[in-house]
There are 2 protein chains.
Amino acid sequence: MPRKRATIREVAQATGLSPAAVSYALRGMQVSEETMERVRAAAAELGYEADPIARALASGRTNMIGLLCGSLEDLWQQSLAVGISRGLREKDRYALILDAVGDPARERALAQQLRDQRVDGMIVQPVDPAAPFWADLCESLPVVAIGDSLAGTAGEVVFDNRRGVSLALEHLHAMGHRRITVLTPTMTSTPDRPADVLVTSEADRLGLDIVVATAPHSLAAATEAAHRTLDADRPSAVFCFADSIAYGVYAAAAELGLSIPGDVSVMGYDNHPMSGLLTPGLTTVDWDIDGIVRAAVRLMSAAADGGARRRRVVQQPTLRERGSVGRAPK
Amino acid sequence: MPRKRATIREVAQATGLSPAAVSYALRGMQVSEETMERVRAAAAELGYEADPIARALASGRTNMIGLLCGSLEDLWQQSLAVGISRGLREKDRYALILDAVGDPARERALAQQLRDQRVDGMIVQPVDPAAPFWADLCESLPVVAIGDSLAGTAGEVVFDNRRGVSLALEHLHAMGHRRITVLTPTMTSTPDRPADVLVTSEADRLGLDIVVATAPHSLAAATEAAHRTLDADRPSAVFCFADSIAYGVYAAAAELGLSIPGDVSVMGYDNHPMSGLLTPGLTTVDWDIDGIVRAAVRLMSAAADGGARRRRVVQQPTLRERGSVGRAPK
DNA sequence: ACGGTTCAGTGAACCGCTTCACAAGACAAA
DNA sequence: TTTGTCTTGTGAAGCGGTTCACTGAACCGT
């Protein structure tokens, strides 16, 4: 039978102090060393543990941070979420992890729900960074954006995608590839996606002939999408804007009996741990995931503690060459 | 500027009713259709949204379910967590995901914290199912255990590990393997782990010569552990008690220049989506992850809504043969 | 000895919602 | 008409903390 928890008033009773004094003492403010000790002892004695709900109601702070992911079907984003969740826990906060599954409408709804839930702040990987609601959101609570910038006041851990795309396309170019299909993550109705623009302009610069298509993150769905790409007018290389999608290409290639990189080269983006295990290893653009996690957690903690809110960390990618990109056939 | 949220009193004011009536109306109890309509309209008008914190304090229910994972370094468990989180969200609950990283002490601490956080229930993958605190916990809130049974009142989605182990070892036996190393997930100080017992007894039955060792879930660490195993007195097959660990064996084998299954056969356990993508594909014991997710969510929802608490779902495994287990060399 | 600061601690009003006990009116049964 | 039951709705007391305004005492320099 779960004995009812002790309340602050009981501790007050036990020490002969007022509830207010106990409240202050437990948070180490405004009281003498001696009282503090007395309160601590009594609290320990009674097994007192402050109720986070009551505390949240009174103080307006919940110790929870919303983590709004772009799409948790992406293994890399899963790792990111797990890492951030762990990082926040170390700072004594809880992460409320939600998944927008690449849908801007859902993203909007979840952001709203998270705010209603009274989180102290939000870490988001915006699906639709241009959506207008971000500005309002950023005003009502600290927000840290990962990947893309957000209008309004927000911390940012942005990726130098320009450079990432360069790295990838330049390597493909150097290996002689000219006809390339780019597979970017499917998102419901986001117009003018920055990734597309970047890829197109970079391809132009290099004189590449590219086709942009989309593919979902989940292995089964990505495989299907890749299948269509490879079936049709086959390019000499496929550049996937997420390693998860590249996995789909591997699967499709296997089904079609195509060899990588013999028949088609594959370039990834992320460098998920599994990418090195495939045969051949996936050549990909590496983003230091630990660095991203640390930066996001640090920015969020600072912001939630009332510190600086506007702060920008830029992540630089590196090319991780493995075996999936070969010389283009003549 | 985030306009202050409307409170229930303002809605009461607007409709000329008492706060109590509004409270009831919004939850569809005890009031006439007409008032209900009136309240709804006023609420919509004012943009009223009930404050979950205040509600939680007053009612004692938070709409949050704690999800205590054994080790999120395991990709399969990551998938599980993501799935459950999504499933709970569909039932209008939030998941608070925590990671025990295979440490019973940490598991205990986190369970405690989750309870302090006032979650309505917990879904756990017990690291140490025999720990005594589970009984108390199960008494104070609904608990659904995944994988292992828990003493005390709790819903359970248990795996027929006996059968899973049989499936794996029998297959290895059938393929002629006699000297087998079993790699089970590392956990800090759990004595008499059920998995070990199971494996040992099953191996005895089949007349297998097994060595049990442990390996962590993370790829890097698992690789190192696998390295040690393969370096030493090499078995003809390795049975990994988690696909994540098998991935480490693949990596180690590659480093050592060993071929799978030529030099060593590998058997997994879980069937993570990536397992089919490796070369050769990982032969593994498949647990229907969607089924597990659905069952866990269903049991938890029912229990948290005050329904049946004791309920047991048993999952049956199937063998998924791919190419990583070959005939043992003579 | 005196006004002016600190310091430690108190009371009471919240925070915004739920819920219990009860009341008033409508309606049916006796 | 009286009594009893049902339906709607009300008032007020919580839930368990935090925080603001304030008091008394001690301490300070002059």
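Labels below follow one simple rule: chain letters A, B, ... track the order of the sequence lines, proteins then strands, and each chain is numbered from 1.
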Choosing from dT18(D), dC17(C), dG9(D), which nucleotide comes nearest the side chain of Asp51(B)? dC17(C)
Can you identify which nucleotide, out of dA8(C), dT19(D), dG9(D), has its nearest atom closest to the Thr35(A) side chain? dA8(C)
So which nucleotide from dG11(C), dG17(D), dC17(C) ends up closest to the side chain of Ala50(A)? dG17(D)
Among the candidates dA12(C), dG17(D), dT10(D), find the nucleotide nearest to the side-chain atoms of Thr7(A). dG17(D)
Calculate the interatomic distance between Asp116(A) atom CG and dG16(C) atom C1'; express it in whole Å. 14 Å
Atom CD of Glu33(A) and atom P of dC7(C): how far apart are they, to the nearest Å? 14 Å
Please report the distance, rounded to the nearest Å, between CD1 in Ile53(A) and C1' in dT18(C). 14 Å
May I ask you to say whether Arg93(A) pairs ionically with Asp305(A), meaning some side-chain N is under 4.0 Å from a carboxylate O? yes
Across the strands shown, which category fits Leu17(A) at heavy-atom distances under 4.0 angstrom: base, sugar-phosphate, nothing? sugar-phosphate
With hydrogens left out and only the distance checked, is there a donor-acceptor pair under 3.5 Å joining Tyr24(A)'s side chain and the base of dC20(D)? yes
Do the side chain of Trp134(B) and the main chain of Val143(B) share a donor and acceptor less than 3.5 angstrom apart? no
What is the distance, rounded to the nearest whole Å, between atom CG of Asn63(B) and atom P of dC17(C)? 15 Å
Can you identify which nucleotide, out of dG9(C), dG16(D), dT18(C), has its nearest atom closest to the Arg9(A) side chain? dG16(D)
Proximal nucleotide (of dT10(D), dT8(D), dT10(C)) relative to the Ser32(B) side chain: dT8(D)
Looking at the side chain of Leu57(B), which of dG9(C), dG16(D), dG9(D) is the nearest nucleotide? dG16(D)
note: Met29(A), atom CE; dG9(C), atom C1'; distance rounded to Å ~ 13 Å
Nearest listed nucleotide, side chain of Ser59(A), among dC15(C), dT19(D), dT10(D): dT19(D)
Judged by each residue's nearest nucleotide on DNA chain D, which is more toward the 5′ side, Ala54(B) or Val22(A)? Ala54(B)
Look at all strands and tell whether Arg61(B) reaches a base, only sugar-phosphate, or nothing, counting heavy atoms closer than 4.0 Å. sugar-phosphate
May I have the distance from Arg118(A) (atom CZ) to dC15(C) (atom C1'), rounded to whole angstrom? 9 Å
Taking the side chain of Arg27(B) as heavy atoms from C-beta outward, which of dT10(D), dT18(C), dG9(C) is closest to it? dT18(C)
Rounded to whole Å, CD1 of Ile8(A) lies from C1' of dG9(C) at a distance of 14 Å
From the candidates dT18(C), dT18(D), dT10(C), the one with an atom nearest any side-chain atom of Arg55(A) is dT18(D)
